Amino acid sequence: MSETPARHLNLFGASNFRDLGGYPGKDGRPVRWRQIFRSNHLGQLTDADINILRSLRLKSAFDLRGAEERATAICCLSDIAVHSLAIEPTVVATLRARGASGVALSSSDAIEVMRDSYRSYVRSNTASFRTLFTHLLEDRAPLVIHCSAGKDRTGFACALILHALGVRDELIAEDYLLTNRFYRREPSASSDLPDNVSQVLGSVQTSFLAAAFDAISTDYGNLECYFTDGLGVGADQRARLQARYLET
């Protein structure tokens, strides 16, 4: 029996680079290994990291960061196609504005703003996720999906992908929460915010992801309708995704 590939790739310049493979999907067929990866940004990769990622034969990167984020940490992988699906960050600016108004920021404030951010993925940024699924249906793999930390925008995107492939809710949550094990928050990130607030921003909670799916239920009725009406992924497209990304 062949050895199971490592889910987390221990890179020096990207702490949260992970494989979505291996999870049982539709009809128990596992997600194919070494096809879809998720990561924090790829702007600090070392030469050794780049060699590791080249060995994966990556074709594409889907960058969910906003314009300023991209400009300050340009992808180090020069030999793959990088597709920008910009979702501008709002959390830190919202919290800074609250602090400037005299509010004593707490972890509860941070959790509330994080949940609102996830709701905005559905209500303001569905077009970016729809474009991502259009690319997933094309010959773009092996591919990596990332944002700055690889936990929120990327976390929601990957949860949608795993849902489309028929992976169970509890396994999707487990994958989402792996960020708390692997992500190393950059020391310079939001250093002007209180420590307890920064701790919330550097981690994930199931209530964040739940807020996005609650918004889906409120705005679209259910996840199936969101796939069809929001993401353009009907039954035929889902079957194509499963044929491409699940083992036969």
Side-chain angles (χ1 to χ4, degrees), residues 8 13-18 38-41 43-44 63-73 85-126 128-129 145-160 162-163 169-220 223 226:
H8 176 252
S15 62
N16 204 15
F17 197 103
R18 312 194 323 251
R38 55 175 296 173
S39 184
N40 55 319
H41 75 80
Q44 295 178 348
D63 187 348
L64 300 174
R65 296 177 299 167
E68 184 176 338
E69 294 172 290
R70 292 196 310 276
T72 57
L85 306 176
I87 299 174
E88 294 294 339
T90 59
V91 169
V92 171
T94 299
L95 287 168
R96 284 174 175 160
R98 287 193 183 191
S101 71
V103 173
L105 294 174
S106 68
S107 57
S108 295
D109 292 310
I111 290 169
E112 177 189 345
V113 172
M114 287 297 300
R115 289 173 180 164
D116 282 343
S117 176
Y118 274 69
R119 294 182 189 104
S120 78
Y121 298 157
V122 177
R123 292 174 173 157
S124 303
N125 297 287
T126 285
S128 290
F129 297 107
I145 301 159
H146 75 91
C147 52
S148 285
K151 68 185 192 71
D152 300 312
R153 291 163 287 190
T154 297
F156 180 57
C158 291
L160 291 174
L162 293 175
H163 271 296
D169 289 356
E170 61 268 27
L171 293 178
I172 294 172
E174 286 179 16
D175 182 80
Y176 173 74
L177 291 171
L178 284 176
T179 280
N180 291 336
R181 178 178 172 187
F182 293 117
Y183 175 57
R184 299 188 302 268
R185 187 169 173 82
E186 295 177 19
S188 61
S190 308
S191 58
D192 58 322
L193 296 172
D195 287 345
N196 60 340
V197 170
S198 293
Q199 287 172 6
V200 172
L201 302 193
S203 62
V204 291
Q205 301 180 16
T206 53
S207 72
F208 300 167
L209 197 57
F213 285 98
D214 286 345
I216 286 172
S217 295
T218 299
D219 293 3
Y220 289 85
L223 183 57
Y226 183 61

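All figures in this text were calculated on a predicted structure; none of them were measured in a lab. Both backbone and side-chain heavy atoms feed into the values below; hydrogens, waters and symmetry mates do not.
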For the pair Y226 and F156, name the ring-plane relationship: parallel under 30°, tilted 30 to 60°, perpendicular over 60°.
tilted
After noting the C-alpha distance and the side-chain angles of R38 and D175, does the key distance pass the salt bridge (Lys or Arg N to Asp or Glu O under 4.0 Å) rule?
CA-CA 10 Å; R38 55 175 296 173; D175 182 80; 2.9 Å; yes
Counting N and O atoms only, with roles assigned by atom type, does the side chain of N40 sit under 3.5 Å from a partner on the main chain of N16, one being a donor and the other an acceptor?
yes
Partners meeting ring-ring contact (aromatic ring centres under 6.0 Å, His included) with F17 (sequence neighbours left out):
F37
Counterpart residues, side chain to side chain donor-acceptor pair (under 3.5 Å), relative to S106 (two or more places apart)
D109
Salt bridge (charged side-chain N to carboxylate O under 4.0 Å, His left out): pairs with one or both residues in residues 193-213, sequence neighbours excluded:
none
Before you tell me yes or no, could you show the steps for R18 and R181 under side chain to side chain contact (heavy atoms under 4.5 Å, CB included), namely the whole-Å CA-CA distance, both residues' side-chain angles and the distance that decides it to 0.1 Å?
CA-CA 12 Å; R18 312 194 323 251; R181 178 178 172 187; over 6 Å; no
Does R70 reach the main-chain N or O of R65 with its side chain, forming a donor-acceptor pair under 3.5 Å?
yes
Expected list for residues 86-94: side-chain donor-acceptor pairs under 3.5 angstrom, two or more places apart:
residue : atom : partner : partner atom : Å
E88     : OE2  : A67     : N            : 3.0
T94     : OG1  : T90     : O            : 2.8

Taking only residues two or more places apart in sequence or in another chain, which ones pass side-chain contact (heavy atoms from CB on, under 4.5 Å) with D169?
H163
Sequence neighbours excluded, which residues qualify as salt bridge (Lys or Arg N to Asp or Glu O under 4.0 Å) partners of R184?
none
ring-ring contact (aromatic ring centres under 6.0 Å, His included) involving Y118 - partner list, sequence neighbours excluded
Y121, F208
Trace of the side chain to side chain contact (heavy atoms under 4.5 Å, CB included) decision for S15 with F182:
CA-CA 6 Å; S15 62; F182 293 117; 5.9 Å; no
Short side-chain donor-acceptor distance under 3.5 Å, R119 and S124:
no
Qualifying salt bridge (charged side-chain N to carboxylate O under 4.0 Å, His left out) pairs, either residue in residues 148-159, two or more places apart:
E69-R153
Can you name the side chain to side chain donor-acceptor pair (under 3.5 Å) partners of D219, sequence neighbours left out?
R123
Is a side-chain donor or acceptor of S117 paired with a backbone partner of V113 at a separation under 3.5 angstrom?
no
Results of salt bridge (Lys or Arg N to Asp or Glu O under 4.0 Å) for E170 - residues two or more places apart only:
R168
Sequence neighbours excluded, the answer for side-chain contact (heavy atoms from CB on, under 4.5 Å) partners of N180 is L177, S203, V204
Sequence neighbours excluded, which residues qualify as side-chain contact (heavy atoms from CB on, under 4.5 Å) partners of Q199?
none
Full working for side chain to side chain contact (heavy atoms under 4.5 Å, CB included) between L160 and F213
CA-CA 10 Å; L160 291 174; F213 285 98; 4.2 Å; yes
